[in-house]
2 protein chains.
Amino acid sequence: MEKRLPTIKEIAKQLNISISTVSRALHNHPNIGLRTKMRVQQLAKDLEYEPNQNAVLFQQGKTHIIGVILPELSEAFFSSAISGIEDAAQKMNYTVLLGQSHDDIEKEKNLLDTFRKHRVDGLLISISKNSIKYDHFEALQRYNIPMVFFDRIPKIPNIHYVACNMVNGTVEAINFLFKKGHRIIGMINGPEKLPASKERLEGYIQAMTKSRLKYDPNLVVNCDLTKTGVCSATQKLLTGKRRPTAIVAFNDYVALDAVQQARNMKFKINQDICFVSYANLPISNYTAYPPLASVEQFPYQQGQKATETLIELLQKKSNEPSENNNGTYYKIILESQLMIHDSK
Amino acid sequence: MEKRLPTIKEIAKQLNISISTVSRALHNHPNIGLRTKMRVQQLAKDLEYEPNQNAVLFQQGKTHIIGVILPELSEAFFSSAISGIEDAAQKMNYTVLLGQSHDDIEKEKNLLDTFRKHRVDGLLISISKNSIKYDHFEALQRYNIPMVFFDRIPKIPNIHYVACNMVNGTVEAINFLFKKGHRIIGMINGPEKLPASKERLEGYIQAMTKSRLKYDPNLVVNCDLTKTGVCSATQKLLTGKRRPTAIVAFNDYVALDAVQQARNMKFKINQDICFVSYANLPISNYTAYPPLASVEQFPYQQGQKATETLIELLQKKSNEPSENNNGTYYKIILESQLMIHDSK
DNA sequence: AAAAACTATGCAAACGTTTGTTCATTTAGA
DNA sequence: TCTAAATGAACAAACGTTTGCATAGTTTTT
């Protein structure tokens, strides 16, 4: 009992009119008489006719599909981001073609190829950690497929991107600690060259100098974010000459590892030493010693905003297809925000 | 400098041969002479020709796209699942169109419609928590679009599905506790009517009776999985007539809430009372008192297996398109497995 | 030497739409 | 009453492919 899907052709045949009339009737084209229009629309409803998107889009050279490439779906940050992307896309009648690079450049390139073959209308990308060369992205630009990067952004000129500014969040974090009376504040930062680390450091310096606590480089320790790295960083801070009473950790996981190390060293958490971190994972509710506060990076909103930006680009493109774009590039920066956890 | 993508038509023109010859040459059709074949393939490479998937698939009435509908991408379980799905699909040259229902039936229906319009080849679905009526799925069956359900499965006959059996995992969990010397073992279960709860209970009863500890209904408490629900359930167990020395919790989050409640009641964790749970989230590494063990439900593998099953169905369908299928339905059950955490 | 078989290629239809152009009819203006 | 304008609908091309069938040229077979 195979049920073939109805086409405009069939409607045309049943009504003894031409295909084009049916098409126009369904689109409320003014040239079609009211009577015919009604008849067509009624029959279409009766047959449960649905236009074959594929045919339409093929005909128009569009797909209404957005390709999304991100490193790891199972990371909390990215799963929130994709959630935001998907919601925004759905709202604008786009659908999401998904691929994960697993932080592997080759996979990233392959995905780019696959998506190009699928003729996605546009791309949303958070680049793999290991991407140093960006040829593959630049190559794509020539194909005139709009791309918007988010969160992890390649260092190439003339791209659109959405990112979250960590500087102000860091400032907020330090001010929060300052108000609580802390004067010696340490930081466990990520790898030195990582952009994310740089922003945190910048915020740290800014806030410290503004609070007239001068910036002491010994209070900032870089680490590789592995558990052992975090532990030794923590140790270094807590055994240093000027022992901090509070530590800003690179993210919630780092904070938890650091807490553990501090406890091993017999420090009393929230008494001898306090922690503040980034990410604001729900995880914090479940741990014995969650950070006092955490800087939210709004992954969902980043995804959403990036999607909206991309769709805007797509619509602009189909309106004025001639000029690639007038040399303007979106650089959208969300502000991070310190979320203070309930202290029960 | 708009770069139009090359088509076989252009190749044909440049080589002064017909379109069909080009097409066949690219597909290594035996009827094409070696010389022509070489020339075509060379030029294709030079022009960086890529077949327009859209055109191909439209022509063949296929899309090589799988629609995936699941409740929440930001839940750890589903983000792992989608990861498995995406990997498996990529391997078989399919792509994933993604949608989340947010546990809302209306959204679920809309997605189903969107995906039908997009003419996805098949569907992978984990139903929304609130789906009670399944008309929309049954309607889809008539359109002959293969569907495979996973994890959350509707109660309708004649469907394909992949699920994870929680019974044996529960048995393993109880046996593990038994070996550790526990004789009074409680359970914090989910809502009574939830299939997931039923399986856990079944495993519990099975294991308890086999261990010749008879089944005591007072030791099993249902709850709504909210924090307050979990707390009162914990309290009830720990103040009951027969106080358990170990508790099996519905999942890791429940376990952590229960731990907190137990500590509030001045119980010493892993001494007065032990916990075992389900999900095996990495979260456990970061908490002060992780459950001793956790039953892994293999979301990644479920996603993978479901995808493989769907693709198998798709291929079968295109081989013998006549018979819908000979009345056989895949019911694939993965076995859950108890993962014992390192006790450091 | 004619028929059969094979090789290499081209033609054209088909997939389901949209849309510019043309055609036929009706209506209105003079 | 005749022409011009407006209306309603059909024709046909196009999007990029695949593929059944036809055709032409070459080789083999008898």
Side-chain angles (χ1 to χ4, degrees), chain A residues 2-41 43-44 47-65 116-121 143 318 321, chain B residues 2-41 43-44 47-65 116-121 143 318 321:
Chain A
E2 170 102 14
K3 180 166 184 174
R4 283 278 269 49
L5 294 171
T7 67
I8 47 172
K9 211 186 263 184
E10 274 176 36
I11 298 185
K13 204 194 287 177
Q14 286 199 35
L15 257 40
N16 239 321
I17 56 179
S18 80
I19 295 178
S20 46
T21 305
V22 175
S23 172
R24 279 190 249 259
L26 290 172
H27 289 75
N28 261 312
H29 192 286
N31 274 11
I32 302 299
L34 190 59
R35 248 184 70 81
T36 345
K37 218 179 261 185
M38 299 286 276
R39 293 207 308 148
V40 170
Q41 293 183 353
L43 184 57
L47 293 179
E48 291 185 298
Y49 166 78
E50 293 286 3
N52 182 333
Q53 287 282 351
N54 238 312
V56 176
L57 300 173
F58 160 62
Q59 203 274 148
Q60 303 181 333
K62 300 222 176 114
T63 55
H64 263 233
I65 291 180
R116 186 159 52 86
K117 285 185 205 166
H118 266 284
R119 302 293 197 271
V120 296
D121 284 349
Y143 287 100
S318 54
Chain B
E2 169 104 13
K3 179 166 183 173
R4 284 276 270 52
L5 294 171
T7 67
I8 48 172
K9 212 185 259 185
E10 276 176 36
I11 298 185
K13 203 195 286 178
Q14 286 199 32
L15 257 41
N16 239 321
I17 56 180
S18 80
I19 295 178
S20 47
T21 304
V22 175
S23 172
R24 282 190 250 259
L26 290 172
H27 288 76
N28 262 312
H29 193 286
N31 275 10
I32 303 298
L34 190 60
R35 250 184 70 84
T36 342
K37 217 179 265 183
M38 299 285 274
R39 292 208 307 149
V40 170
Q41 294 182 352
L43 183 57
L47 293 180
E48 291 186 299
Y49 166 78
E50 293 286 1
N52 182 333
Q53 288 281 349
N54 239 313
V56 176
L57 300 173
F58 161 60
Q59 204 276 144
Q60 300 180 335
K62 300 223 176 114
T63 56
H64 264 235
I65 291 180
R116 186 159 53 86
K117 284 185 206 164
H118 265 286
R119 303 293 198 269
V120 296
D121 284 350
Y143 287 102
S318 55

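Letters A, B, ... are given to chains in the order of the sequence lines, protein chains preceding strands, and every chain is numbered from 1. The model shown is predicted, which means the values in this text are computed figures rather than measured ones.
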**Student:** Can you list the residues that meet the side-chain contact (heavy atoms from CB on, under 4.5 Å) rule with B/Lys13, with sequence neighbours excluded?
**Tutor:**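 Applying side-chain contact (heavy atoms from CB on, under 4.5 Å) to B/Lys13 gives none.
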**Student:** When the distance from CD1 of B/Ile8 to P of D/dT19 is rounded to whole Å, what number comes out?
**Tutor:** 11 Å
**Student:** Under the rule for salt bridge (charged side-chain N to carboxylate O under 4.0 Å, His left out), what residues qualify as partners of B/Arg116, not counting sequence neighbours?
**Tutor:** A/Glu50, B/Asp113
**Student:** Roughly, in whole Å, what's the span from CG in A/Asn52 to P in C/dT18?
**Tutor:** 10 Å
**Student:** Under the rule for side chain to side chain donor-acceptor pair (under 3.5 Å), what residues qualify as partners of B/Asp121, not counting sequence neighbours?
**Tutor:** B/Thr63
**Student:** Taking B/Gln41 for its side chain and B/Ala25 for its backbone only, find out whether a donor-acceptor pair lies under 3.5 Å.
**Tutor:** yes
**Student:** Apply side chain to side chain contact (heavy atoms under 4.5 Å, CB included) to the pair A/Val22 and A/Leu15, showing each step before the final yes or no.
**Tutor:** CA-CA 9 Å; A/Val22 175; A/Leu15 257 40; 5.8 Å; no
**Student:** Does B/Phe58 stack onto the base of C/dC15, taking stacking as ring centres under 5.5 Å apart and planes under 30° apart?
**Tutor:** yes
**Student:** Taking atom C1' of C/dC15 as reference, at what distance in whole Å does atom CG of A/Leu57 sit?
**Tutor:**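 Taking CG of A/Leu57 and C1' of C/dC15, I get 14 Å after rounding.
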**Student:** If you look at every heavy atom in B/Ala55 and A/Phe58, which pair is closest and at what distance?
**Tutor:**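 The pair with the smallest heavy-atom distance is CB-CE1, 3.5 Å.
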**Student:** What is the distance from CG of B/Asn54 to P of C/dG16, rounded to the nearest Å?
**Tutor:**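 In whole Å, C/dG16 P and B/Asn54 CG are 15 Å from each other.
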**Student:** Using atom NZ of A/Lys13 as one end and atom P of C/dG16 as the other, report the distance to the nearest whole Å.
**Tutor:**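 After rounding, the gap between these two atoms is 11 Å.
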**Student:** Nearest whole Å is fine: how far is C/dT17 P from A/Glu10 CD?
**Tutor:**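 About 10 Å, once rounded to whole Å.
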**Student:** Within this structure, what is the CG-to-C1' distance between A/Leu26 and C/dG16, rounded to whole angstrom?
**Tutor:** 13 Å
**Student:** Five pairs per end, C1' atoms only: what is the angle between the end axes of the helix from C/dA1-D/dT30 to C/dA30-D/dT1, to 10 degrees?
**Tutor:**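 Rounded to the nearest 10 degrees, the bend comes out at 60°.
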**Student:** Pull out every protein N or O sitting under 3.5 Å from an N or O of nucleotides 9-14 of chain D, one pair per line with the distance.
**Tutor:**
from	atom 1	to	atom 2	distance (Å)
D/dA9	OP1	A/Thr36	OG1	2.7
D/dA9	OP2	A/Gly33	N	2.7
D/dA9	OP2	A/Thr36	OG1	2.7
D/dA10	OP2	A/Ser18	N	3.0
D/dA10	OP2	A/Ser18	OG	3.3
D/dA10	OP2	A/Thr21	OG1	2.6
D/dA10	N6	A/Arg24	NH2	2.8
D/dC11	N4	A/Ser20	OG	2.8
D/dC11	N4	A/Arg24	NH2	3.4

**Student:** Are OP1 or OP2 of D/dG16 and a side-chain N or O of B/Thr7 less than 4.0 angstrom apart?
**Tutor:** no
**Student:** Atom CG of A/Leu5 and atom P of C/dC15: how far apart are they, to the nearest Å?
**Tutor:** 14 Å
**Student:** What pairs meet the side chain to side chain donor-acceptor pair (under 3.5 Å) rule with one or both residues in residues 21-38 of chain B, with sequence neighbours excluded?
**Tutor:**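 For residues 21-38 of chain B, and leaving out neighbouring residues, the side chain to side chain donor-acceptor pair (under 3.5 Å) pairs sorted by first residue read B/Ser18-B/Thr21.
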**Student:** Please walk me through it: do A/His64 and A/Val56 pass side chain to side chain contact (heavy atoms under 4.5 Å, CB included)?
**Tutor:** CA-CA 10 Å; A/His64 263 233; A/Val56 176; over 6 Å; no
**Student:** Mind checking A/His27 for me? I need base, sugar-phosphate or nothing, with any heavy atom below 4.0 Å counting as a touch.
**Tutor:**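 Sugar-phosphate, backbone atoms only, no base.
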**Student:** Applying side chain to side chain contact (heavy atoms under 4.5 Å, CB included) to A/Val40 and A/Ile32, what does each step give before you reach the verdict?
**Tutor:** CA-CA 11 Å; A/Val40 170; A/Ile32 302 299; over 6 Å; no
**Student:** Need to verify one output field. Residue with the more 5' nearest nucleotide on DNA chain C, B/Gln60 or B/His29?
**Tutor:**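 So the residue in question is B/His29.
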